[in-house]
Amino acid sequence: MTTKTVASRGRGTTQALYILSISRNSRFEFIFTNLTNSQSKFSSVFDIYRLYQSSTLYREMKLRSSILHEGSLNVLQMEKVFNTLNGVWNLSSDQGNLGTFIITNIRLVC
């Protein structure tokens, strides 16, 4: 993601937001032109993208990753454990696994 100054036929010189995306073997380029003289729209997009990138651990939970350490939950910053339930069945696949269900203010972990 970048911003560039571009010459627009309708608005003259203005800012444009360039977003380059790659999916499988294809590349996509999206260009958004700023129709007003406000820079806050593009800075908001950058802020939201930065926050999205920094929240990966909250959105993606992978077994045997940094979520667990020596069998106990790694509590994230500002996270509080509300309840721990033992003897809960995880039925995510064709077979069931008996485990622990942990409820925090941010996530549910089984």
Side-chain angles (χ1 to χ4, degrees):
M1 265 187 356
T2 60
T3 58
K4 296 180 183 178
T5 303
V6 295
S8 170
R9 289 183 182 173
R11 297 286 179 178
T13 303
T14 186
Q15 291 281 50
L17 175 68
Y18 281 74
I19 300 175
L20 179 63
S21 175
I22 300 171
S23 177
R24 296 187 185 120
N25 294 330
S26 300
R27 294 175 59 148
F28 301 97
E29 184 176 9
F30 301 94
I31 303 170
F32 299 94
T33 322
N34 193 359
L35 297 178
T36 64
N37 291 330
S38 172
Q39 295 298 324
S40 64
K41 292 177 187 174
F42 290 157
S43 64
S44 297
V45 171
F46 280 105
D47 290 342
I48 291 168
Y49 180 71
R50 181 183 48 80
L51 292 169
Y52 177 79
Q53 289 296 97
S54 66
S55 68
T56 303
L57 188 57
Y58 295 101
R59 292 179 286 108
E60 297 178 8
M61 200 176 300
K62 296 180 181 168
L63 190 62
R64 296 179 194 91
S65 67
S66 62
I67 301 297
L68 300 174
H69 179 70
E70 295 180 4
S72 64
L73 179 69
N74 276 345
V75 180
L76 303 172
Q77 185 179 22
M78 305 294 287
E79 183 177 25
K80 295 179 181 151
V81 176
F82 290 136
N83 202 352
T84 302
L85 303 169
N86 292 316
V88 176
W89 284 95
N90 179 359
L91 302 173
S92 63
S93 61
D94 290 338
Q95 65 184 25
N97 296 317
L98 187 62
T100 304
F101 189 65
I102 303 169
I103 302 169
T104 74
N105 61 332
I106 298 174
R107 56 193 170 156
L108 305 169
V109 181
C110 187

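Between T3 and L17, the shortest heavy-atom distance links the atoms CG2-CD1, 4.0 Å. The heavy-atom pair separating R27 from L20 by the smallest distance is NH2-CD2, 3.4 Å. The minimum heavy-atom distance between L108 and F101, with the atom names listed, is CB-CZ, 4.0 Å.
The CG atom of L73 sits 6.0 Å away from the CD atom of E79 when rounded to the nearest 0.5 Å. One finds the CD1 atom of I102 at 5.0 Å from the OG1 atom of T84 (value rounded to the nearest 0.5 Å). Annotation: the span from N105 atom CG to K80 atom NZ amounts to 7.0 Å, rounded to 0.5 Å. Put simply, CZ on F42 and CE on M1 are 10.5 Å apart, with the number rounded to the nearest 0.5 Å.
In terms of the side chain to side chain donor-acceptor pair (under 3.5 Å) criterion, N83 has no residue partners (sequence neighbours excluded). By the side chain to side chain donor-acceptor pair (under 3.5 Å) test, T5 pairs with Q15, sequence neighbours left out. By the side chain to side chain contact (heavy atoms under 4.5 Å, CB included) test, I31 is found to be paired with A16, Y18, E29, residues two or more places apart in sequence or in another chain being considered.
At distances below 3.5 Å, not a single donor-acceptor pair connects side-chain atoms of S23 with backbone N or O atoms of S26.
Around CZ of F46, the count of heavy atoms belonging to other residues, nucleotides or ligands within 6.0 Å exceeds 12.
Under the 4.5 Å side-chain criterion, counting only non-hydrogen atoms from C-beta, V45 is not in contact with F32. Taking the side chain as every heavy atom from C-beta outward, T104 and V109 never approach each other to under 4.5 Å.
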